[in-house]
Amino acid sequence: MSANHDLVLYYRPTCPFCIRVTDFMKSHGIEIPLRNISIDSEAARTLVSVGGKQQVPCLFIDGKPLYESSDIIAWLDANF
């Protein structure tokens, strides 16, 4: 596991790109905190205030946003 990083995945359960990332995580046994911006208004505000946009999926790595499902999957694959 990537113990050296503080990770949080911001997502929407109906977003096909988010599903792609969460399916990858499940199939590889990767567990990180998830923030559903559809039901968590604080998470939605944080996503915009830190990342500057309400785009999901967004993996926060040590407080820095990483967008695009393919980039997130590549990062997870390299670090877990």
Side-chain angles (χ1 to χ4, degrees):
M1 176 161 175
S2 185
N4 298 335
H5 295 285
D6 180 26
L7 303 173
V8 180
L9 180 69
Y10 288 71
Y11 79 109
R12 266 193 204 98
T14 56
C15 161
F17 298 104
C18 299
I19 292 167
R20 187 173 168 226
V21 172
T22 56
D23 283 353
F24 175 87
M25 288 169 52
K26 284 177 198 165
S27 69
H28 288 78
I30 298 170
E31 294 184 18
I32 60 174
L34 302 175
R35 301 290 301 269
N36 179 352
I37 68 166
S38 296
I39 59 170
D40 185 341
S41 58
E42 181 187 332
R45 284 192 299 276
T46 299
L47 184 59
V48 173
S49 67
V50 176
K53 53 188 172 180
Q54 196 174 47
Q55 178 182 332
V56 289
C58 179
L59 177 63
F60 276 72
I61 305 164
D62 300 326
K64 295 179 182 156
L66 175 64
Y67 299 98
E68 303 301 332
S69 59
S70 56
D71 293 340
I72 292 169
I73 288 169
W75 191 92
L76 292 171
D77 195 35
N79 288 275
F80 279 88

* **Listed once per pair and sorted, the ring pair (Phe, Tyr, Trp, His ring centres under 6.0 Å) pairs that draw on residues 29-49, sequence neighbours left out** => none
* To do: Measure the CG-CD1 distance between Asn79 and Ile61 for me, rounded to the nearest 0.5 Å.
  => 7.0 Å
* Asked: Is Leu66 close to Cys58 at the side-chain level, that is, under 4.5 Å between some pair of heavy atoms?
  -> no
* Mind checking whether Arg45 and Ser41 have side chains closer than 4.5 Å, heavy atoms only? -> yes
* To do: Using the test side chain to side chain contact (heavy atoms under 4.5 Å, CB included), find all partners of Asn36 that sit at least two apart in sequence or belong to another chain.
  => Tyr11, Pro13, Ser38, Ile39
* Decide whether Ile73 and Ile32 are clustered together by the hydrophobic rule: side chain heavy atoms of Ile, Leu, Val, Met, Phe, Trp, Tyr closer than 4.5 Å, transitively. => yes
* Nearest-0.5 Å distance that lies between atom NZ in Lys26 and atom CD1 in Ile19 -> 8.5 Å
* Considering residues at least two apart in sequence or located in another chain, which fulfil the side chain to side chain contact (heavy atoms under 4.5 Å, CB included) criterion with Leu76? -> Val21, Phe24, Met25, Ile30, Leu59, Ile72, Phe80
* **For Arg35, all residues meeting salt bridge (charged side-chain N to carboxylate O under 4.0 Å, His left out), sequence neighbours excluded** => Asp40
* Full working for side chain to side chain contact (heavy atoms under 4.5 Å, CB included) between Arg20 and Ser70 -> CA-CA 9 Å; Arg20 187 173 168 226; Ser70 56; 3.9 Å; yes
* Would you call Pro65 and Gln55 a side-chain contact if the rule is heavy atoms closer than 4.5 Å? -> no
* Asked: Mind checking who shares a hydrophobic cluster with Phe60, ILVMFWY linked at side-chain heavy-atom distances under 4.5 Å?
  -> Val8, Tyr10, Ile37, Leu47, Val50, Val56
* Asked: With a cutoff of under 4.5 Å between side-chain heavy atoms, which Ile, Leu, Val, Met, Phe, Trp and Tyr residues group with Tyr67?
  -> none
* Check the pair Arg12 / Phe17 against side chain to side chain contact (heavy atoms under 4.5 Å, CB included), numbers first and verdict last. => CA-CA 9 Å; Arg12 266 193 204 98; Phe17 298 104; over 6 Å; no
